[in-house]
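Down below is the structure, laid out as structure tokens.
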Amino acid sequence: MVKQSFGDRMFDAINHVLLLLLLALVLYPLVFVVSASISNPSAVLNGEVWLWPKDLTITGYQKVFTNHDILRGYLNTIVYTLLGTGINLVMTVMAAYPLSRKDFYGRNAVTALFVFTMFFSGGLIPAYLLVKNLGMVNTMWALIIPNAVAIWNIIIMRTFFQQSIPIEVQESAQMDGCGNIRILLRIVLPLSLPIMAVMTLFYSVAHWNAFFNALIYLTDRSKYPLQLILREILIQSNMQEMIQTNEESLAKSIMDAESIKYAVVIIANLPVLLLYPFLQRYFVKGMVIGAVKG
């Protein structure tokens with residue numbers, strides 16, 4: 001074992017301190033929201049809750065789970081996320097694999113056209129007119145089709161295919177009679193679990209948190225995703241159905257509204273927090289290899 005110098009030990013100590021501070025800055029808001037969501041709202045409003053919950057209560061969660069708009073929005077978001085992520089993965093693979101093959105003539109020109117769209121677009125109004133002319137306004141397809149693929153993710157996956165899948169393996173399979181589709185399905189994709197996990201996480205989180213397209217294209221409240229319902233609750237303070245001000249005092253209504261806000265934030269972020277641990281072991285490898293631009 002190589003003995004570290006005093007400068008190396010100081011460098012490691014400073015790094016550890018900075019990383020611990022960064023961890024605290026990232027972790028504290030999450031811990032606070034969890035604690036506030038199960039604490040007495042009056043204690044939260046009075047600033048008595050800093051880290052640990054006080055006077056445990058689940059009133060906020062009870063009111064959230066009895067609200068039909070939130071439950072419907074939750075279901076809508078799950079459908080949009082699953083369907084959208086599936087389409088995203090298929091489209092990304094279909095674009096990245098040909099671009100990773102050196103025998104695909106014109107791949108540099110196609111890549112240049114793809115990259116061009118990263119910097120220049122038609123804008124919001126032409127995009128809305130296009131979606132309207134395609135008859136997708138006020139349908140779930142307006143949230144899925146316009147975002148069916150991300151160019152940056154295509155570049156990452158293309159680089160992964162180039163760096164991690166030996167061309168000799170593909171050529172050997174081709175000599176054995178495999179076509180391009182079979183090579184992709186039987187050889188390339190089974191060896192690409194890390195990058196597929198990374199893309200799944202990227203696309204699913206993007207769909208789960210998306211609200212702007214829904215705000216523009218959806219007019220039917222029954223099709224609202226969860227994020228639009230959260231916007232009404234957190235920004236517009238639209239909680240009349242849950243706090244029932246006509247039956248309760250104003251002070252009690254304000255406290256209930258406070259607990260509902262924190263509870264709804266936790267419920268909205270829970271699926272993403274549960275998804276990450278299952279994909280974490282693939283995440284670093286997929287990002288590191290895919291980020292080496294070839």
Side-chain angles (χ1 to χ4, degrees), residues 77 79-165 167 170 180-181 183-185 188-189 192 194-218 223 225 227-228 272 279 282-283 286-294:
T77 301
V79 173
Y80 300 157
T81 300
L82 292 178
L83 184 58
T85 302
I87 292 175
N88 291 146
L89 291 176
V90 172
M91 297 292 289
T92 303
V93 170
M94 291 175 64
Y97 177 65
L99 295 177
S100 69
R101 294 286 298 264
K102 293 182 179 179
D103 56 348
F104 175 51
Y105 296 103
R107 66 188 184 119
N108 291 332
V110 174
T111 302
L113 290 175
F114 282 172
V115 172
F116 180 83
T117 64
M118 293 177 61
F119 301 100
F120 304 98
S121 65
L124 179 60
I125 295 177
Y128 180 85
L129 293 176
L130 176 62
V131 171
K132 181 180 179 181
N133 291 334
L134 292 175
M136 294 191 298
V137 172
N138 203 30
T139 68
M140 69 173 181
W141 301 112
L143 311 183
I144 297 174
I145 300 301
N147 300 312
V149 69
I151 304 303
W152 180 248
N153 291 340
I154 290 177
I155 295 174
I156 292 177
M157 183 172 284
R158 180 211 63 176
T159 305
F160 183 93
F161 289 158
Q162 290 176 331
Q163 300 289 332
S164 302
I165 312 297
I167 190 62
Q170 301 180 50
N180 289 322
I181 299 298
I183 292 174
L184 174 63
L185 297 178
V188 175
L189 291 183
S192 303
I195 196 64
M196 294 297 290
V198 171
M199 293 297 107
T200 299
L201 185 63
F202 280 1
Y203 282 125
S204 60
V205 170
H207 281 292
W208 188 266
N209 293 328
F211 78 96
F212 188 67
N213 280 1
L215 185 64
I216 295 173
Y217 299 124
L218 295 184
K223 298 177 182 177
Q227 303 304 326
L228 274 191
V272 176
L279 303 179
Y282 300 112
F283 188 79
M287 279 301 298
V288 170
I289 296 178
V292 179
K293 301 298 179 287

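- A distance of 9.0 Å separates CD1 in Ile145 from CE in Met140, rounded to the nearest 0.5 Å.
- What you find for Met157 and Thr92 is that their closest heavy atoms are SD-CG2, 3.8 Å.
- A 4.5 Å side-chain heavy-atom check between Asn180 and Leu184 finds every atom pair outside the cut-off.
- Looking at heavy atoms from C-beta onward, Ser192 lies in side-chain contact with Phe161 at the 4.5 angstrom threshold.
- Considering every non-hydrogen atom in both Thr139 and Leu218, the closest pair reads O-CD2, 3.6 Å.
- In plain terms, the two heavy atoms of Arg101 and Asp103 that are nearest each other are NH2-OD2, 2.9 Å.
- Pairing each heavy atom of Met91 with each of Ala148, the nearest pair is CB-O, 3.7 Å.
- Across Leu99 and Arg107, no two heavy atoms sit closer than the pair O-NH1, 3.0 Å.
- To the nearest 0.5 Å, atom OG1 of residue Thr111 and atom CZ of residue Phe104 are 8.5 Å apart.
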Should Ile125 and Leu129 be marked as a side-chain contact (heavy atoms from CB on, under 4.5 Å) after you check the CA-CA gap, both sets of side-chain angles, and the distance that decides it? CA-CA 6 Å; Ile125 295 177; Leu129 293 176; 4.2 Å; yes
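- Between the OG1 atom of Thr85 and the NE2 atom of His207 there is a distance of 5.0 Å, given to the nearest 0.5 Å.
- Within the 4.5 Å cutoff, no side-chain heavy atoms of Val188 are placed close to those of Phe160.
- Taking the side chain as every heavy atom from C-beta outward, Met118 and Trp152 approach each other to under 4.5 Å.
- In this structure, Phe212 places its CZ atom where only 12 or fewer heavy-atom neighbours from other residues, nucleotides or ligands lie under 6.0 Å away.
- Counting heavy atoms from C-beta on, the side chains of Pro225 and Thr81 never come closer than 4.5 Å.
- The shortest side-chain heavy-atom distance between Ile167 and Lys102 does not fall under the 4.5 Å cut-off.
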Intermediate values then yes/no, side-chain contact (heavy atoms from CB on, under 4.5 Å), Ile87 and Trp141: CA-CA 11 Å; Ile87 292 175; Trp141 301 112; 4.1 Å; yes
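- The CD1 atom of Ile195 sits 10.0 Å away from the OG1 atom of Thr200 when rounded to the nearest 0.5 Å.
- What you find for Lys223 and Tyr80 is that their closest heavy atoms are O-OH, 2.8 Å.
- Using a 4.5 Å heavy-atom threshold, the side chains of Met199 and Asn88 count as separate.
- Going from atom CG of Leu185 over to atom OH of Tyr97 covers 9.5 Å, rounded to the nearest 0.5 Å.
- With values rounded to the nearest 0.5 angstrom, Asn147 atom CG is found 9.5 Å from Ile144 atom CD1.
- Using a 4.5 Å heavy-atom cutoff, the side chains of Val131 and Ile216 are not in contact.
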